[in-house]
Each structure stands twice: as structure tokens, then as C-alpha cells.
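Being a predicted model, the structure only gives us computed values, none of them experimental. Chain letters run A, B, ... following the sequence lines, proteins first and then strands; every chain starts at 1.
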Amino acid sequence: MADPMRIRARLTGDTVEVKVLMAHPMETGLRKDSSGKLIPAHYIETVNATCKGKDVLTADWGPAVSKNPFLAFRFKGAAKGDKVTITWKDTAGESRTDDAVVS
Amino acid sequence: MRAKTKQHMFWLAIVVGAASSFTASLVWAQSATSSDPVSQYRAMFGDDNPADLWVMRGKDLWQKPRGPKNVALAKTCDLGMGTGVIKGAYAHMPRYFADTNKVQDLETRLLTCMVRDQGLDKAAILKNRFGDGDRKSDLEALSAYVVGASKGVPISLPMSHPQEKRAYAMGKALFYYRAGTHDFSCASCHGQSGKRIRLQQLPDLATANPEAQKTYTTWPAYRVSQGEVRTMEWRLGSCFRQMRFPKLKYGSEVAIDLTMFLAKNAEGGKMAAPGLKR
């Protein structure tokens, strides 16, 4: 089971700025371990953010994204107290969902 | 044809001459550049830092009862500010602890608490002292959490016990001690200001100055190149490797004494760790 994400969502004016920190190895599939064997690829493929049942961000990621990725984005149309839900899915079929309340 | 070759030789000689004199003075002649890409990268993160993932895990490890004795560090561990108190603890370390009769830095003190109070296996903890992906280090997570509770607290060491004074003197001597195949000392790289190796700025850590404060107060830190939080014990060990010194033993007197010297030179600086490093 993957470690929880750390999500912060802050409203300034009419825009919510969301900052997400995900714990993930993001293995590219090109690295080798100490015995020379390839470490299999294991990275986040899709990231989805929803608020009040609506998608506010969908992203397709690849192996070029860093380990323990940090994602920041802005969207409009939410008020204080609304919940932002983030879900990621990776190449191993694992996924993780966490949420944060807009403050 | 012949003339042309000669001409080539001539130019070659000049280039080689220039190159060798350049290499000889490389370490000393390079002055610091003003643009620092790492600080730009840091600015993009704002107040965020992947180290927060370690802080979250460290908080759990600190507060939950663990080990054969099933006690929480928060209920038993004294980091010098009283049992379970972490606020400001790191800013006053390394320090002398009466119960172990030793000067200890944060990592060795945590180890004492985990082994003595929680009954955890020392060898198992030390085996994972440096985390690597799924092999997570409890010491690094706990350090990140404890250090984070000192944010904004100015460094000041007790420096009252004779053993603390001795550790400082030893640390200072070690800092200037030249040895190894390269005849290096810590002071070879960190003895003056405004120098760099490749693109890496070299802070002056030999005296009490703002650079020493800025460096010390941002460790432990998340190393982006490693994707891990690293503590001072790791940092010193890595310096020893780069100097071609014998491997620095984790939690040894040498490591603690050097940390004492560096911490003393950073006194007055406000803690800003866990930091974010390249």
C-alpha cells in the first residue's frame, strides 16, 4: 500500500491553488540494480483531480516525472469547505486516493 | 606539408600549456557564480518539500507505541528538552546526556531511545540507516520529524559540560586534519568563501559566519538526486568518501565531534530544516 499523499488546497480570490506531494518510486524501467539487472518500470500513469463530482484535472504521466512527484495546479469554481479529491494509478495497477478541504 | 605540421605542433603546444596551468589552479581560481539553479528550483517548490512525506512517517514513528516494550518515543525519549519534547531539541544538539554519559547528536540519541526504551534491534535499525526506495529508514523519518519541530529556533549549544567542550575541540582538530591518498581535510574545501567545485558552491564552514549558518540550518534535507531525506551523519559520511578517507562509522565520536564543531559555527542561525538540496 502506497503512502498517503499530502494535499493542500487554498482559495485566493476565485482561484483554488492545489499542491500535491505524492510518494512514489517512479522507476523508469531503464535503471539497473547493483547486480546489473533491469529494475522494472513502475510509474504513475494517470492523475485525476475532482471537485464536487467534476474533473478539474486529468494528466497522463510517463517515466520522465521525478520520484516523489510534486504537482501544483489552479482551478476556478470552488468555495471554502469544498473537497478536492486526487487519485493516481500506476503501471503496477496500484492506485491511491486522498482528499483535502479547500481553505 | 611539413610547414603545416610544424604549425599544428606549435598551436598544440600552446593549448597544452594553457590547459595544464589552468588545471593546476582550478580549485583555487574558480570564483563563485551568482546564478544558482538549485535556488531557482527551490523557489518553485515554495513552502513545499518532498521531505514532508518523511515528516509524516516520522510523526507516526514518534507517537505510536512500537517495539517489544510497546512504548512510544513521545512518552519515553528525552532529546535534552525533557521527555517527549521535540520543539527546539535539534537546535541545542549535539549535547551531553547524563544517562548515557556521552555527547550525542540527534541520530545517536534516537538510536539510544529506540534500543533502550523500545527494545528494538540496533543492528536492524542501523542496517536501514540510509533509506533506499522501498527500504525505508526509520532514523531518517524520525530525524525529519524532530528537526522540523525546530523550525525558526536559533541554534545555541549548551557547551557547559567538559565532554561537550572536548567534543568541540576534537571536532575542530578533525576539521583541519589532513589525511588520505589526496591529503585532504574538511578545510581544503570548506576553509574559505566564494569557491566552488564544478557548479557546487562551497560554503566556508571553518568559522562562525552566515554561510556556515545557512548550510547547517538546512540539514537534514531532501536530496532531489537521491529522492531521499539525508541527515548530518550521511552528509559527513559522504564528505569522508569524497576525501578518500576511511569510511565514517555511523554515530561514531568522530561524526558527533565534527557535527559539534559545525553546529557551534552555525550558532545564532535559525533552523530551516528539512531543507531541499540538489
> Under a 4.5 Å heavy-atom cut-off, does chain A meet the side chain of B/Phe45, its backbone, both or neither?
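The answer is both parts of B/Phe45.
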> Is there a salt bridge (charged side-chain N to carboxylate O under 4.0 Å, His left out) between A/Asp3 and B/Lys136? Walk through the geometry before answering.
CA-CA 12 Å; A/Asp3 283 339; B/Lys136 292 192 167 82; 3.5 Å; yes
> Kindly determine whether A/Asn68 and B/Trp54 satisfy side chain to side chain contact (heavy atoms under 4.5 Å, CB included), including the steps that lead there.
CA-CA 11 Å; A/Asn68 300 326; B/Trp54 275 254; 3.4 Å; yes
> Does any heavy atom of chain B fall under 4.5 Å from the side chain of A/Pro69, the backbone, both, or neither of them?
neither
> Tell me the residues of residues 55-74 of chain B whose non-hydrogen atoms fall below 4.5 Å from those of chain A, in number order.
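B/Met56, B/Arg57, listed by number.
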> Heavy-atom count check: over 12 atoms from other residues, nucleotides or ligands less than 6.0 Å from B/Lys122 NZ?
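Not more than 12 within 6.0 Å, no.
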> Quick one: which residues of residues 30-42 of chain A reach chain B at under 4.5 angstrom, heavy atoms only?
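At a heavy-atom separation under 4.5 Å, chain B is reached by no residue of residues 30-42 of chain A.
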> Can you find a pair of side-chain heavy atoms, one from A/Met22 and one from B/Leu53, that are under 4.5 Å apart?
no
> Taking C-beta and beyond as the side chain, do A/Leu21 and B/Pro50 meet within less than 4.5 Å on heavy atoms?
yes
> For residues B/Gln226 and A/Lys67, determine if any side-chain heavy atom of one lies less than 4.5 Å from a side-chain heavy atom of the other.
no
> Please say whether more than 12 non-hydrogen atoms of neighbouring residues, nucleotides or ligands are located less than 6.0 Å from NZ in B/Lys277.
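Yes, enclosed.
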> Nearest 0.5 Å, what's the CZ-CG distance between A/Arg8 and B/Asp52?
7.0 Å
